[in-house]
Amino acid sequence: QLQFVETGGGLGQSGGSLRLSCTASGLTLRERDICWFRQAPGKEREGVSCISKSGDSTNYADSVKGRFTVSRDNDKNTVYLQMNSLKSEDSADYHCVTVTAWTVVGGSMKAYDMNYWGKGTLVTVSS
């Protein structure tokens, strides 16, 4: 049974840090490019960051570039999102998702063939 689980969300302080993790069972993440998406109440879903199967290629939306870092440990079947210098506008439900390709257009992350989604982990940043 496929299970995709994000953890690490919670209450963060403005200017502080959180690290999100995405693990999978029933799915070998090393065979997949992975992206992080987020969605805040009343706002459109936003692509945050993507990482290639091997981890040697990454990209970020302009809104998080220089603050967030995506990484992966394929031996642990886990993808991470290190979030530093948190801002109130980072508050959202964060999901990891498998994709076949991605690109950045006008500073926004676009991904393709988003097949498997986790249930998400909620990040709330207090000012």
Side-chain angles (χ1 to χ4, degrees):
Q1 180 179 356
L2 172 65
Q3 188 174 8
F4 219 174
V5 178
E6 300 94 338
T7 58
L11 181 62
Q13 296 290 324
S14 181
S17 299
L18 287 172
R19 188 175 82 153
L20 307 184
S21 299
C22 170
T23 60
S25 59
L27 181 69
T28 303
L29 290 187
R30 69 171 68 242
E31 299 173 353
R32 311 276 185 158
D33 293 354
I34 301 293
C35 291
W36 286 94
F37 278 76
R38 67 186 181 185
Q39 188 161 21
K43 295 187 177 181
E44 291 189 2
R45 186 175 64 196
E46 177 187 18
V48 175
S49 180
C50 297
I51 186 167
S52 62
K53 300 177 187 61
S54 63
D56 60 359
S57 180
T58 61
N59 219 328
Y60 302 89
D62 282 359
S63 59
V64 305
K65 191 174 293 183
R67 301 189 298 118
F68 289 12
T69 303
V70 62
S71 62
R72 65 193 302 160
D73 185 336
N74 284 338
D75 290 338
K76 295 183 178 179
N77 213 33
T78 300
V79 177
Y80 304 98
L81 185 68
Q82 178 67 44
M83 307 189 299
N84 298 330
S85 302
L86 287 168
K87 303 177 180 180
S88 58
E89 51 263 44
D90 295 323
S91 297
D93 202 17
Y94 285 73
H95 299 260
C96 53
V97 57
T98 61
V99 301
T100 57
W102 77 84
T103 186
V104 175
V105 178
S108 297
M109 181 72 63
K110 306 295 183 185
Y112 302 90
D113 299 322
M114 296 176 284
N115 292 322
Y116 296 107
W117 290 78
K119 292 184 178 180
T121 186
L122 183 63
V123 171
T124 303
V125 181
S126 63
S127 56

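Numbers for residues simply follow the sequence, beginning at 1. Side chains included, hydrogens not; waters and symmetry mates left out as well; all remaining heavy atoms used.
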So how far is it from [X] [atom1] to [Y] [atom2], rounded to the nearest 0.5 Å?
| X | Y | atom1 | atom2 | value |
| --- | --- | --- | --- | --- |
| K87 | S127 | NZ | OG | 13.5 Å |
| R45 | H95 | CZ | NE2 | 8.5 Å |
| D90 | T124 | CG | OG1 | 11.0 Å |
| L20 | Y94 | CG | OH | 7.5 Å |
| Y60 | F68 | OH | CZ | 10.5 Å |
| D93 | K119 | CG | NZ | 12.0 Å |

**Fill in**
Residues pairing under side chain to side chain donor-acceptor pair (under 3.5 Å) where one sits in residues 68-83, two or more places apart or in two chains, turn out to be R30-D75, R72-N74, Q82-N84

Please check: side-chain N/O of [X] versus main-chain N/O of [Y], any donor-acceptor pairing under 3.5 Å?
| X | Y | answer |
| --- | --- | --- |
| S91 | V125 | yes |
| S49 | N59 | yes |
| T121 | G9 | yes |
| T98 | Y116 | yes |

Determine whether [X] and [Y] make a side-chain contact, defined as any pair of heavy atoms from C-beta on separated by less than 4.5 Å.
| X | Y | result |
| --- | --- | --- |
| L81 | R19 | no |
| C96 | I34 | yes |
| L11 | S126 | yes |
| E6 | W36 | yes |
| R32 | L27 | yes |

**Prompt:** Any chain of hydrophobic side-chain contacts (each under 4.5 Å) joining L29 to V99?
**Reply:** no

**Message:** Applying a strict under-4.5 Å side-chain criterion to I, L, V, M, F, W and Y, I'd like to know whether V70 and M109 cluster together.
**Reply:** no

**Asked** Would W102 and K110 count as a side-chain contact (heavy atoms from CB on, under 4.5 Å) if you check the C-alpha gap in whole Å, the side-chain angles of each, and the deciding distance to 0.1 Å?
**Response** CA-CA 5 Å; W102 77 84; K110 306 295 183 185; over 6 Å; no

Exercise: identify the closest heavy-atom pair between [X] and [Y]:
| X | Y | result |
| --- | --- | --- |
| L86 | Q13 | CB-O, 3.7 Å |
| G47 | A61 | O-CB, 3.4 Å |
| V64 | V48 | CG2-O, 3.6 Å |

**Request:** Spell out, with a plain yes or no, whether C50 and C35 have SG atoms under 2.5 Å apart.
**Result:** yes

**Request:** Check side-chain contact (heavy atoms from CB on, under 4.5 Å) between A40 and all other residues, then give those that pass, not counting sequence neighbours.
**Result:** K43, A92

**Prompt:** F37 and W117: aromatic ring centres closer than 6.0 Å?
**Reply:** yes

**Prompt:** Pairs in or reaching into residues 46-60: which pass salt bridge (Lys or Arg N to Asp or Glu O under 4.0 Å), with residues at least two apart or in two chains?
**Reply:** D33-K53, R38-E46

